[in-house]
Q: 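Could you have a look at this structure, given as C-alpha cells, before my questions?
Here the structure is a predicted model, which is why all the values come from computation and not from measurement.
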Amino acid sequence: MQKVTAAITAVGGYVPEYRLTNTELEKMVDTTDEWIKTRTGIEERRILKGEGLATSDMVIPAVRELCAKRGISPEEIDCMIVATVTPDMVFPATANLVCDKIGAKNAWGFDLSAACSGFLYALSTGAMYIESGRYKKVVVVGADKMSAIIDYSDRATCIIFGDGAGAVLLEPDTEGLGLDSILKSDGSGAPYLHMKAGGSLYPATVDTVTRHMHFAYQEGKAVFKFAVTEMADVAFQIMERNDLTDKDIAWLVPHQANKRIIDATASRMNLPTEKVMINIQRYGNTTAGTIPLCLWDYESQLKKGDLLVLAAFGGGFTWGSILVKWAYSPQAT
C-alpha cells in the first residue's frame, strides 16, 4: 500500500488596496523612509480600510480564488484551519464564519493561534488530517488584520505590520509530494512580544484601553536576536534531517518580518538571493499571512518536484520550518 502524503494543490491570496507608505508614516511617528528601509526592508504595507471589515473579509476572496484555480466547489472542502491572532471575534472561530459565507456547508474548521508561525503550525496540522486518510480536501489559511491591534503612535510596531491573507489547498498524494516539519516553542519569550489585554488575564476595561494594553507590544532587540538565530537554525535543521544541500533547494520561503532576518536565514542555508522569496517591501509583516502570500506571489515560478523550505519565527516564542515538495507546475493547473 502506497504512503499517502499531503500535497499543496492550489494557492489563493488577498491583500487590501490601501497602501500605507513609509512617507505617510514619517508624518505619524519619528521615523524616515530611509531608516525603515535600512532596518526592515519595508517600503509599504497594505491596510484593510472600511467600516465592519475584518480578517474574514480577506480570507474569503483568498479561498474563493483557491477554489476557482483548482476547479472545485466550496462544498467539496472537508476542513478549514485559519491561522490568525486577529480573529473577527474571540468566538465563533473565523474559520466557521468563512465557511458559512463561502458556502462550505460540508466543512468543519477552527482557528489556530501561533502568531507569525501560525501558518506553519496550521499547515503541519492540516497535513496530518490528510495523511490519516480521513479527509481529502483541507484548506489552510494564514491571515491577519494587524492594523486592528497596532498603535500607530508606537514606532516599534507601526512601521512593520500590514494586513493580508493567503490560503493553500491540501490533498492526498502518493507520489511523495508531501511535507516534513520541525516546530518549536518557548513560552519564556512572552514578555518580549505579546498583546497584554483582551484575554482572561486582563479582560477589557476602561483602564486596559486607556493604557494601550490592547495593542501589540514588541521589544525589538530581544526578538531580533532570538529570531535571527532560531529561524536560521531550524531552516538548516530541516535540510540536515532530509540529507539535503543548498543545491537541492529550489526556494527558501521565509516569514517576512525583517529583511535582515531573511538574509541571515538564507546565509545559514548557503542560498543566493535569487532562491529566496521576498515581498516584505510591498506588504510588510502580515503575521500568519506572510508565507502563503509568498507562495501566491511566486506560484508562477514554481515547478512540480521543487523543494521549498518554509521558515518562520513569531510571538510565543514560536518558530519552525517545513520542507515542501511542490506538487504542480502552473501550466499543468
Side-chain angles (χ1 to χ4, degrees), residues 5 7-13 15 37-43 116-117 119-120 123-124 127 140 142 164 166 168 175-183 224 227-286 288-314 319-333:
T5 57
I8 295 174
T9 57
V11 181
V15 289
K37 284 192 290 191
T38 302
R39 295 299 183 98
T40 69
I42 302 168
E43 297 174 18
C116 298
S117 305
F119 181 75
L120 294 190
L123 187 62
S124 180
V140 177
V168 301
E175 297 179 59
L177 300 168
L179 53 90
D180 181 32
S181 63
I182 298 175
L183 304 173
F224 179 86
V228 80
T229 303
E230 298 298 341
M231 187 167 136
D233 283 353
V234 79
F236 185 74
Q237 286 165 18
I238 201 79
M239 290 171 61
E240 276 193 320
R241 189 161 87 178
N242 288 274
D243 297 320
L244 300 171
T245 70
D246 55 289
K247 293 178 176 59
D248 299 310
I249 304 302
W251 292 97
L252 166 64
V253 191
H255 169 54
Q256 309 286 302
N258 182 298
K259 180 63 163 56
R260 290 183 294 165
I261 297 173
I262 293 170
D263 290 344
T265 304
S267 176
R268 181 83 168 86
M269 298 168 67
N270 199 33
L271 292 177
T273 304
E274 55 267 26
K275 282 189 169 189
V276 183
M277 294 190 187
I278 300 173
N279 58 18
I280 190 173
Q281 72 279 10
R282 294 188 292 129
Y283 304 146
N285 180 351
T286 56
T290 62
I291 288 176
L293 281 173
C294 277
L295 295 175
W296 182 56
D297 273 354
Y298 283 79
E299 183 187 22
S300 64
Q301 299 182 52
L302 300 177
K303 300 185 296 294
K304 183 176 180 179
D306 276 354
L307 289 176
L308 282 57
V309 173
L310 285 48
F313 178 91
W319 68 102
S321 184
I322 295 181
L323 177 69
V324 174
K325 193 167 187 181
W326 197 251
Y328 63 96
S329 298
Q331 63 270 24
T333 58

Q: Indicate the atoms forming the closest heavy-atom contact of A235 with A311, along with that distance.
A: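 In terms of heavy atoms, the two residues are closest at CB-CB, 4.1 Å.
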
Q: What residues, two or more places apart in sequence or in another chain, satisfy side-chain hydrogen bond (donor to acceptor under 3.5 Å, both in side chains) together with R241?
A: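 Partners of R241 under the side-chain hydrogen bond (donor to acceptor under 3.5 Å, both in side chains) test: D180.
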
Q: Do other residues, nucleotides or ligands put more than 12 heavy atoms under 6.0 Å from K37 NZ?
A: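 Yes, enclosed.
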
Q: The criterion is side chain to side chain contact (heavy atoms under 4.5 Å, CB included); which residues satisfy it with K304, sequence neighbours excluded?
A: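 K304 satisfies side chain to side chain contact (heavy atoms under 4.5 Å, CB included) with E175, L177, S329 only.
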
Q: Carefully, step by step, assess Q256 and N285 under the rule side-chain contact (heavy atoms from CB on, under 4.5 Å).
A: CA-CA 5 Å; Q256 309 286 302; N285 180 351; 5.8 Å; no

Q: Rounded to the nearest 0.5 Å, how far does CG of D243 lie from CD of E240?
A: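 Answer rounded to 0.5 Å: 9.0 Å.
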
Q: Give a yes or no on whether a salt bridge exists between D246 and K275, defined as a side-chain N under 4.0 angstrom from a carboxylate O.
A: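 No, this pair does not count.
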
Q: Starting at CE of M231, measure out to OG1 of T265 and round the result to the nearest 0.5 Å.
A: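 Nearest 0.5 Å value for the CE-OG1 distance: 4.0 Å.
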
Q: When V253 is tested against each of I278, V309, I291, I322 for side-chain contact (heavy atoms from CB on, under 4.5 Å), which residue passes?
A: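 That would be I291.
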
Q: Could you give the distance from CD (Q301) to CE (M277), rounded to the nearest 0.5 Å?
A: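 So the gap between those two atoms works out to 7.5 Å.
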
Q: What is the minimum heavy-atom distance between H255 and F313, and which atoms define it?
A: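 Where H255 meets F313 most closely, the heavy atoms are CD2-O, 3.4 Å.
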
Q: So, for V11 and P292, which heavy atoms are closest and what is the spacing to 0.1 Å?
A: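 Looks like CG1-O, 4.0 Å.
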
Q: Check for a donor-acceptor pair, side chain of N258 on one end and backbone N or O of R260 on the other, with a separation under 3.5 Å.
A: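 Between the backbone of R260 and the side chain of N258 there is a qualifying donor-acceptor contact (under 3.5 Å).
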
Q: I'd like to know if the side chain of S181 reaches the main chain of L183, judged simply by a donor and an acceptor atom lying under 3.5 Å from each other, with no hydrogens or angles considered.
A: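 Side chain of S181 to backbone of L183: no pair is present.
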
Q: Of all the heavy-atom pairs spanning P254 and V276, show the shortest one and how long it is.
A: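 Closest pair (atom of P254, atom of V276, distance): CG-CG1, 4.0 Å.
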
Q: Looking at L120 and S321, what are the two nearest heavy atoms and their distance?
A: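 Where L120 meets S321 most closely, the heavy atoms are CD1-N, 3.9 Å.
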
Q: Check step by step if side-chain contact (heavy atoms from CB on, under 4.5 Å) holds for D297 and Y283.
A: CA-CA 11 Å; D297 273 354; Y283 304 146; 3.2 Å; yes

Q: Going from CG on N270 to CE on M239, what distance comes out if it is rounded to the nearest 0.5 angstrom?
A: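 That separation rounds to 8.0 Å.
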
Q: What pair of heavy atoms forms the shortest contact from C116 to A312, and how long is it?
A: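 That would be O-CB, 3.6 Å.
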
Q: Among all residues two or more places apart in sequence or in another chain, which pass the salt bridge (Lys or Arg N to Asp or Glu O under 4.0 Å) test with D248?
A: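 Residues passing salt bridge (Lys or Arg N to Asp or Glu O under 4.0 Å) with D248: none at all.
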
Q: Quick one, I238 with V234, criterion side-chain contact (heavy atoms from CB on, under 4.5 Å). Give me CA distance, side-chain angles, the key distance, then yes/no.
A: CA-CA 6 Å; I238 201 79; V234 79; over 6 Å; no

Q: Checking side-chain contact (heavy atoms from CB on, under 4.5 Å) between L308 and each of L302, I249, L323, I8, which is the one that passes?
A: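 Answer after filtering L302, I249, L323, I8: L302.
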
Q: Are any of the side-chain heavy atoms of L295 and W326 separated by less than 4.5 Å?
A: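 Yes, side chains in contact.
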
Q: Mind checking the CZ-CG spacing from F236 to D233? Nearest 0.5 Å is all I need.
A: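 Spacing of CZ (F236) from CG (D233) equals 9.0 Å.
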
Q: Between atom OG of S117 and atom CG of L123, what is the distance when rounded to the nearest 0.5 Å?
A: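 Here the interatomic distance stands at 12.5 Å.
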
Q: Can F119 and L293 be said to form a side-chain contact (heavy atoms from CB on, under 4.5 Å), step by step?
A: CA-CA 11 Å; F119 181 75; L293 281 173; over 6 Å; no

